Amino acid sequence: MLLTPILCAAPIISSIGSIAFQLMKGFPHDEPGIEKGVSACYAGRIGSTLVIAGGCNFPDKPVAEGGTKKYYQGIYAAEIDKSDTLRWQKIGDLPKEGAYGVSVTTDDGIICLGGNNSHESLSTVIRISISEGQAVIDTLPSLPQPMDNFTGSMNDGKLFIRGNGGIYVLDMKALSEGWRKVWDADLPLVQPVSASHDGHYCVWGGFTPKQGDRLATLSLNGIEYGESPTSVAGPEDKNGEKVFLGGGCAVNLSPNRVLALGGVNKDVFLKAVNSPEPGYLTHPVAWYKFNPNICLFEKGQWTLIGSSPITARAGATAVVYKGDVFLIGGELKPGIRTPDIYRISIR
């Protein structure tokens with residue numbers, strides 16, 4: 001069992017005593033290639049069971065060498081205990097292979113929304129539960145349109161998403177009413193993160209793609225959707241530079257505490273999408289400067305509580321269990337996945 005203290009980049013605030021990482025043993029292997037690790041999988045928790053599904057990678061050769069992206073369909077479960085081992089069992093399959101969707105843990109199961117695969121973007125919404133050791137899949141109201149690389153979160157019994165065209169909400173106690181648009185959005189936003197805070201839905205990060213003569217732009221701040229949309233600041237690093245959360249992940253530690261991890265580097269990424277250069281995919285991991293900062297949003301403001309190369313990933317998925325956060329997969333650089341799963345203990 002490996003417990004690794006973080007390298008602190010800023011003083012720990014009073015409500016955080018310590019942060020430690022535990023590298024977990026075990027990763028699914030029932031589908032050929034998945035054992036190499038995936039990015040953008042669906043994941044969540046059912047009781048004390050950790051569940052992951054789908055995801056994608058380049059199992060045969062890297063994308064820089066012309067490798068083909070593979071999408072997965074399996075649903076896997078592992079019991080969480082005090083050990084450093086996750087014993088994965090395949091318990092079912094998604095209706096279609098998929099990645100780059102949204103997954104949200106609820107009391108009734110894990111809701112998996114949208115995503116894409118090699119030939120289509122998805123509008124499906126399903127809920128995964130477990131009965132007698134096997135996955136049970138219920139179909140929920142479909143998204144208003146196919147969506148991928150978007151974000152979502154539960155807030156006061158309602159499921160919010162920031163997708164194509166704006167903010168939509170699904171009342172989990174009134175499913176027959178379907179999805180309802182509550183706010184418009186003028187521009188698309190790719191790979192943002194979101195969470196609930198103080199009863200409101202908040203969105204940070206993401207980028208608006210390059211289109212024609214209009215260059216791509218990054219969203220470095222956020223929006224809190226209360227009675228009206230209100231701008232909220234994004235996190236900063238130890239030098240006071242804005243931290244870009246696009247491609248990262250955010251989870252609620254409690255209704256009023258949001259933990260944000262990972263994402264791409266704003267300067268490296270923006271230059272790549274606006275002025276792509278040959279050989280961009282061939283650099284070593286450190287060159288891409290993925291975000292190592294560990295940020296906490298609480299009482300309406302961000303605090304930098306630490307920094308670690310372990311969290312410097314894009315496309316990872318985070319799941320909370322009893323105050324711990326399981327950081328699952330992701331990529332260390334464009335196209336290069338990792339099968340590493342860490343238990344992050346925050347006290």
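As the structure is a computational prediction, the values presented were derived from the model and not from experiment.
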Q.
Could you measure the distance from the CD1 atom of Ile328 to the CE atom of Met24? Nearest 0.5 Å is fine.
A. 10.5 Å
Q. Of all heavy-atom pairs between Cys249 and Ala316, which one has the smallest distance, and what is that distance?
A. CB-O, 3.8 Å
Q. Should the pair Tyr321 and Phe326 be assigned to parallel (<30°), tilted (30 to 60°) or perpendicular (>60°) ring geometry?
A. tilted
Q: Check the side chains of Ser196 and Asn252 for a donor-acceptor pair under 3.5 angstrom, ignoring hydrogens and angles.
A: no
**Q.** Short side-chain donor-acceptor distance under 3.5 Å, Glu298 and Thr303
**A.** no
Q | Side-chain touch Val104/Met154, heavy atoms, less than 4.5 angstrom | A | yes
Q | Qualifying residue, where the test is side chain to side chain contact (heavy atoms under 4.5 Å, CB included) with Ile75 and the options are Leu94, Ile130, Asp93, Ile52 | A | Leu94
Q: Ignoring hydrogens and angles, state whether a donor on the side chain of Asn256 or Ser254 is under 3.5 Å from an acceptor on the partner side chain.
A: no
Q: Over 60° means perpendicular and under 30° means parallel, so classify the ring planes of Trp204 and Phe297, tilted if in between.
A: perpendicular
Q) Are any non-hydrogen side-chain atoms of Asn291 and Leu245 less than 4.5 angstrom apart? A) yes
Q | Ser39 versus Glu331, side-chain donor and acceptor atoms under 3.5 Å | A | no
**Q.** Ring centres under 6.0 angstrom apart (Phe290, Phe244)
**A.** no
**Q.** Leu327-Leu296 co-clustered via ILVMFWY side chain contacts under 4.5 Å
**A.** yes
Q. Would Asn57 and Tyr72 count as having a side-chain donor-acceptor pair, cut-off 3.5 Å?
A. yes
Q) If you round to the nearest 0.5 Å, how far is OG of Ser153 from CG of Leu159? A) 8.0 Å
Q. Counting only N and O atoms by type, is there a donor-acceptor contact under 3.5 Å from the side chain of Asn155 to the main-chain atoms of Lys158?
A. no
Q: Could you list the residues that satisfy salt bridge (Lys or Arg N to Asp or Glu O under 4.0 Å) with Arg162, not counting sequence neighbours?
A: none
(Q) Is there a continuous path of hydrophobic side-chain contacts, each under 4.5 Å between heavy atoms, that joins Phe58 to Ile336? (A) no
Q. Under 3.5 Å, side chain of Asn293 to main-chain N/O of Ser307, donor-acceptor pair present?
A. no
(Q) With a 4.0 Å cut-off on N to O distance, would you call Glu31 and Lys90 a salt bridge? (A) no
**Q.** Phe269 vs Tyr288, ring pair (Phe, Tyr, Trp, His ring centres under 6.0 Å): CA-CA, chis, key distance, verdict
**A.** CA-CA 8 Å; Phe269 178 77; Tyr288 298 90; over 10 Å; no
**Q.** Connected via hydrophobic side-chain network under 4.5 Å: Leu143 and Met172
**A.** yes
(Q) Under a 3.5 Å distance rule, please check whether Lys70 uses its side chain to pair with a backbone N or O of Pro32 as donor and acceptor. (A) yes
Q.
If you define the side chain from C-beta out and look only at heavy atoms, does anything of Ile111 sit under 4.5 Å from Ile126?
A. no
(Q) A side-chain contact here means heavy atoms from C-beta on lying under 4.5 Å apart; do Arg45 and Ile110 qualify? (A) no
**Q.** Minimal non-hydrogen separation, Leu122 against Asn117, with atom names
**A.** CD2-ND2, 4.2 Å
Q) Backbone N or O of Glu241 within a donor-acceptor pair of the Asp237 side chain at under 3.5 Å? A) yes
Q: Indicate the atoms forming the closest heavy-atom contact of Cys202 with His197, along with that distance.
A: SG-CB, 3.9 Å
Q) Any side-chain heavy atom of Val182 within less than 4.5 Å of one from Arg180? A) yes
Q. Got Leu259 and Ile305 here, is their nearest side-chain heavy-atom distance under 4.5 Å?
A. yes
Q.
Testing the basics here: between Gly329 and Arg313, what is the closest heavy-atom pair and its distance to 0.1 Å?
A. O-NH1, 2.7 Å
Q: State plainly whether one hydrophobic cluster holds both Val203 and Trp183, where clusters connect Ile, Leu, Val, Met, Phe, Trp and Tyr through side-chain heavy atoms under 4.5 angstrom apart.
A: yes
Q: Decide yes or no for Phe150 and Leu113: does some side-chain heavy atom of the first lie under 4.5 Å from some side-chain heavy atom of the second?
A: yes
Q. Taking a hydrophobic cluster as the set of Ile, Leu, Val, Met, Phe, Trp and Tyr residues connected by side-chain heavy atoms closer than 4.5 Å, whether directly or through intermediates, do Ile344 and Ile310 fall within one such cluster?
A. yes
**Q.** Any side-chain heavy-atom pair of Ile128 and Cys112 under 4.5 Å
**A.** yes
Q: Can you label the angle between the Trp287 ring and the His283 ring as parallel, tilted or perpendicular, going by 30° and 60°?
A: parallel
**Q.** Heavy-atom closest pair, residues Gly44 and Leu50
**A.** O-CD1, 3.6 Å
Q) Which pairs count as ring-ring contact (aromatic ring centres under 6.0 Å, His included) when at least one residue sits in residues 155-179, sequence neighbours excluded? A) Phe160-Tyr201
